[in-house]
Amino acid sequence: MEQPRPLLRFCSRQDGTQYWEVDPHAVAGELDAYLGRFSFDRKQCPNATDALYRSLAAGNFIPSGQTPLERGWEHFSAVQTEGGHWPGDYGGPMFLLPGLVIAAYVTRSPFSPAEQHLIKRYMLNHQQDDGGWGLHIEGPSTMFGTVMQYVSLRLLGERADAPHMTRAREWILAHGGATATPSWGKFYLAVLGAYEWEGCNSLFPEMWLLPHSLPVHPWRYWCHARMVYLPMAYCFGNRVRGEITPLITEIQSEIYPLPYRDINWTAARDHCAATDLYHHPSLILKILNIFLNLYEKWPVPAWRRRALDFILQYVNAEDDHTQYIDIGPVNQVINSLCVWHAYGSESQPFKKHRERWKEYLWIGEDGMKMQGYNGSQLWDTAFAFQALMESPVAEKFTATAAKALGYIDRTQVREEVRDHKKFYRHDSVGGWPFSTAPHGWPITDCTAEGLKSMLTAIAHGMADKHTLEPRLRASCDLLLSFQNKDGGWASYELTRAPEWLELLNPSEVFGNIMIDYTYTECSSAALQALMHFNKTYPDYRSAAITGAVERGIRFILGKQQSDGGWYGSWAVCFTYGTWFACEALSAYLRWGGTAQRDACLASLRKAADFLLSRRLSDGGWGESYKSCVYKKYVPAARSQAVNTAWAALSLMRIYTHVPEPQIADAVHTAVAFLEGEQQANGDFRQEHINGVFNHNCMITYINYRNIFPLWALGRYAAMRETLAK
Ligand code: LAN
């Protein structure tokens, strides 16, 4: 008998490419009934549990292991792909999907009705009681979130007079109307034709023609800012705009308190709702904008042409380097708009772009969302592999470990990108990306975690030291080349401009976006990898590594705050930063570092004080995402498994060097808390959102709920005798 066609099918390839296929004939009621089997209630927890993927992959799996650790690895192995990586929801931000919905409308490349239904389901599931939407799923309502979802829902066919749409519109109008949308929202609305380009501050395409030596030349920006402002400048310079259909005219009349033609666009440029204003644009930027906006009245045609030609060439290069995946979800969509504008909807570049859209989409029980990347494949897999290998149950999960290692092995970057110097790319060979090999942008800490994983495999006899040597030397070289003058490591590249460049940050909603800063996490990962490499291959660049390690450790020590904790920039928050710092300091002591031995010991001692002082009465740790936003520790209402795991992992490291009984006690109770969080099928409860970028926007790391508790339980099992003393 023929099997019924599944409504939703998950597909993944050996290279980590993953996406969902939606039966285009599925009707709304069927889809809702199907997803309705999994409960979702944003009031309980806005962070969906990934129940759909987990249930398709593992079904009603019942683990048989004796211990929580084994049962945990049984569950997690069941949701691993054949290619070795762990798929998962990487959603969270609420401004990404609307960008794609707008691009699909402007380029007339509609989603199927079934996909449209799933998108609406997601947006409606995340509408807040006040009618608005946040910057991300857990945040309070913002103009950016609300205007973007409102407009998207209209484009997807929602009627303006539907009750939820009325509430959303009331929120928008009560907070000043859509002219108060922050600049990135203004950009999308302008492309759609629901806002005038005149109401946008200049994106000054000619900045690409400035001398490279100037600190403000965009080659020096953080690569994400660079790669987003690049295609934005193309759209601005060409005043790219979709057709003004009757629907757009309706939208124009719905989201502003004044009739559209009466809006003062010049005054609207700097208008931003108080709910959205995280980063206040500086006075210098405001003055600069006056001049740049003036220049827009009489741009020099030859300069404009040269700048836009170069920008389009750069857009093409980025598409080519990443096989049209692009560095992230924002430039993927805006580059799509650029090539559509430049070459047309039937062109190869545009079709190739469209083909990649689905890799940014994910379906959870809350609906179809857009992810912050084309997945977190390598990152999760490298952590999971190291967690498993550190635990005494590794030999029971050899297939899991071998598959994971295969994925990590295949994902290392082997070739340099074309014309990489011309397009301001750092070297790539030897590096590891965050997601997949076709994406290919290497990242400092992903390279480090990839390298650590390969070295771990060598130590366990799973890989051959001599065969791997040339490839791992290349990673070591790359990591050394990424170290900054301050001793730390940034995310993708060297820090290329001074910090004052942040004064030119035009985005009201993101902090620290302009340059690639040095981070505790990236530095720690690089240091751990270099020390591990040095132990495995002591003859290769030993002096250079020693020098780099000493400078790096000094950097980490310098980042410790007076209460003993470290701020974490890429996950929530101090427990995360502190975990990375403790790993690096402990690795230094175990590596045999002597020059800063006492300082490291004192710092670890202080880190223990910090962690112990933040422990909650249930024996766990819980941190709110607000820690990231306010840069000071904000406890969550209850302990969270992931924060507890980071704290426990840190304390076990500290205990190795500072064996105090109160530390061992805290570890015992943390582990008891983690075990209590485990469910009958070996999975852990999904709790609050774990990831963050640019201080203010949160992002889901679904696999963290398994990886880190299991890592802590594994380390605990391996150290039990030491801790019991
Ligand atoms: C990521 C994801 C991975 C993350 C780690 C590797 C975990 C981190 O240690 C270094 C920074 C990095 C690479 C990172 C940077 C910012 C990203 C790319 C993201 C959080 C994923 C999405 C985000 C990107 C900037 C989202 C688009 C928004 C813009 C403001 C451009």
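In each ligand, atom 1 is the first atom listed, and ligand 1 is the first ligand listed.
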May I ask you to test the N47-E138 pair for a side-chain heavy-atom distance under 4.5 Å?
yes

salt_bridge(R471, D409) N-O dist < 4.0 Å
yes

Please tell me whether Q528 and S524 have a donor and an acceptor in their side chains that are separated by less than 3.5 angstrom.
yes

Correct closest heavy-atom pair for C200 and Y195 would be SG-CE2, 3.9 Å

Hey, what's the ring geometry for Y90 with Y373, parallel, tilted or perpendicular (30° and 60° as the breaks)?
perpendicular

Using a cut-off of under 3.5 Å, which N/O atoms of ligand 1 pair up with protein N/O atoms, and what distance separates each pair?
from, atom 1, to, atom 2, distance (Å)
ligand 1, 9 (O), D445, OD2, 2.3

Considering residues at least two apart in sequence or located in another chain, which fulfil the salt bridge (Lys or Arg N to Asp or Glu O under 4.0 Å) criterion with E359?
R356

